[in-house]
Structures are given as structure tokens and as C-alpha cells.
Amino acid sequence: MRQLAAWLLSASAVLYAVEPRKSAAEYPARAESKLAGLGAEFIGRFVMEGSASHHTGDYIAIEIGYFPKPGQAPEVRGSDFLLRINGAKQLVYPQPAGLVAGAIRHPEWERRRGLVAGGSIGGADVILGGPRRTSRFPGDPTVREPNRIPTGTDREDVTAPGKDPLEAAANAITHGAFPEGPPPGDRAGYIYYIYKKKLTGLKQLELVWTSGGEKRSLTLK
């Protein structure tokens, strides 16, 4: 039984597509609660899988590194991480990786059910997002400029020849998603937020993290 438990623990570790860094201090933004340390970095409209970068369409990605303190195994949820954009009162809620991947696989989807939600958390309004437009996203890999080299946070898909770039991007988005639940140890991954405007309009980004009833703010940009 002990051997089985040990195998399950080791097997779960290989599912983490994004390797956590040595500590929260290795990330540009970091904070600490009584339960864990947290590191974060704004990535932009792409995610990495191996040596390939993949476009995320109308969504921006933030890489999270989570480091529970000894003896602590708190439940981690996507709702623990809200995003404040350009100092707005509204906090943006993260989107499920499956939804982001689906939007990449099927850019022609007409989303009939909006994702806008009212209410507030901690006195601040929370918005989940809005209806997705039906046109393809800027930088769609099926119409990208030839021979353009990906740079900065506005990278395009760089996919192995012969592979469907949309399917490869969708898989990378799913595989690299931040794992929720009670962590057995350090973990890392991407969290996705809807943002349809140009990246040049992002002047300020603040990640609001809730951990064990405590709130911490991490300045990403």
C-alpha cells in the first residue's frame, strides 16, 4: 500500500508540464502568506511547451509558482487569483484552461452564453469576461506572416512542421495549466485571463492572491 501511494505521488508530479522554479524569489513578482510562498510572471499572449511557443488568442497568460510551507497542504483554486488591469475597480477572474483551449481549436465559435458575472469579492466587483467575437484572433497561426521571428510578449506559434498549429496550441494551453487542488509539494503552471485589447494598452497589472483568509497583491507590470 505504501509503495502504491509513493507511486501515485511520483506519477502526479510528471503531470506538471511547467517546472516550478527553485523558490518564489526566482519570479519577478512574489508574495508570502502563512501557508505558502507565491511567485508570478506576466507572460503575454503565448505559452511555452518545450522549445515551442503557442498563441493564446484573446487570453493572456500568467505563470504561477506555488510553494507551500512545511506541514501545509492548502487547497488551491483558480478563484484564489484575481487580476486587476490598469488600476480598474473590477477584478478579472481566471478562465478554465479547457475553455481557452476550445476557443483556440474553434475560433469560429459563436459563444451564445456570456461569461459576464456580477457580484463582488472583498468589496471589489468581479468580472469573468464577455462574449467572444467570431473573427479569428490577432496573430492567428493559420494566417501569420512568413519568416517572422517571435519576440517579447507578442509571440506567434512556433510549431513543429506537419502539426496542426491550433491543436498544438490548445494542447499546450491545457497541459501547462496551473494544477488546482491540495498540492503534494511545489507546483507551477499558467493561469489565463480574457483580454481582447492590444497588449500595448496594458499599463498596470496586479495579481490579487487569497491564501488562508489573507490577501496579497503582486505587481506584475
Side-chain angles (χ1 to χ4, degrees), residues 11-21 27 38-66 74-83 85 91-109 111 113-117 126-133 136-141 153-159 163-196 199 205 207-210 218 220:
S12 65
V14 302
L15 298 178
Y16 297 174
V18 179
E19 188 74 20
R21 304 178 196 183
Y27 293 79
L38 185 76
E41 181 175 7
F42 171 60
I43 302 298
R45 291 198 195 277
F46 72 95
V47 294
M48 297 297 300
E49 187 171 54
S51 60
S53 65
H54 302 277
H55 205 282
T56 55
D58 283 340
Y59 300 86
I60 54 176
I62 293 174
E63 182 181 343
I64 296 290
Y66 188 82
E75 186 82 15
V76 185
R77 299 167 297 177
S79 58
D80 295 338
F81 306 99
L82 304 180
L83 194 65
I85 299 177
L91 297 175
V92 181
Y93 195 92
Q95 300 294 292
L99 184 150
V100 181
I104 295 299
R105 284 191 179 98
H106 306 284
E108 74 284 0
W109 277 359
R111 295 181 56 194
R113 289 183 297 175
L115 294 175
V116 177
V126 177
I127 181 169
L128 288 112
R132 179 183 170 85
R133 60 178 179 268
R136 288 185 178 271
F137 51 77
D140 184 342
T153 57
D154 194 19
R155 300 192 184 189
E156 300 178 51
D157 286 344
V158 180
T159 309
K163 290 188 176 180
D164 179 351
L166 295 182
E167 184 65 23
N171 288 337
I173 286 167
T174 303
H175 295 161
F178 181 78
E180 299 185 28
D186 301 345
R187 60 170 60 185
Y190 300 115
I191 297 182
Y192 307 102
Y193 301 85
I194 192 165
Y195 184 76
K196 296 185 178 182
L199 291 183
L205 278 181
L207 186 68
V208 180
W209 171 42
T210 300
L218 294 81
L220 303 175

Original post:
Does Val18 reach the side chain of Val47, with side-chain heavy atoms less than 4.5 Å apart?
Top reply: no
**OP:** For residues Ala40 and Leu218, report the shortest heavy-atom separation together with the two atoms involved.
**Re:** CB-CD2, 4.1 Å
Original post:
Below 4.5 Å, heavy atoms only, C-beta onward: do Asp186 and Glu19 meet side chain to side chain?
Top reply: no
**OP:** Grab the two heavy atoms, one from Ala188 and one from Phe178, that are nearest each other, plus how far apart they are.
**Re:** C-CD1, 3.9 Å
**OP:** For residues Lys196 and Arg45, report the shortest heavy-atom separation together with the two atoms involved.
**Re:** C-NH2, 3.9 Å
**OP:** Taking the side chain as every heavy atom from C-beta outward, state whether His54 and Thr56 have any pair of such atoms under 4.5 Å apart.
**Re:** no
Original post:
Taking side chain as C-beta onward, heavy atoms only, is Leu91 less than 4.5 Å from Tyr93?
Top reply: no
**OP:** Grab the two heavy atoms, one from Tyr192 and one from Ala97, that are nearest each other, plus how far apart they are.
**Re:** CE1-CB, 3.9 Å
Subject >> Option among Leu83, Ile194, Leu82 that satisfies the side-chain contact (heavy atoms from CB on, under 4.5 Å) test with Pro94 >> reply: Leu82
**OP:** Check whether any side-chain heavy atom of Tyr59 lies under 4.5 Å from a side-chain heavy atom of Ile104, and answer yes or no.
**Re:** no
Original post:
Which atom names give the shortest non-hydrogen contact between Pro74 and Tyr66, and what distance separates them?
Top reply: CG-OH, 3.0 Å
Original post:
Under 4.5 Å between any side-chain heavy atoms of Phe46 and His55, yes or no?
Top reply: no
Subject >> Check: Ile64 and Leu207 side chains under 4.5 Å, non-hydrogen atoms >> reply: yes
Original post:
Closest heavy-atom contact between His175 and Ala17?
Top reply: O-CB, 3.1 Å
Original post:
Parallel, tilted or perpendicular: which fits the ring planes of Trp209 and Phe81, with parallel below 30° and perpendicular above 60°?
Top reply: parallel
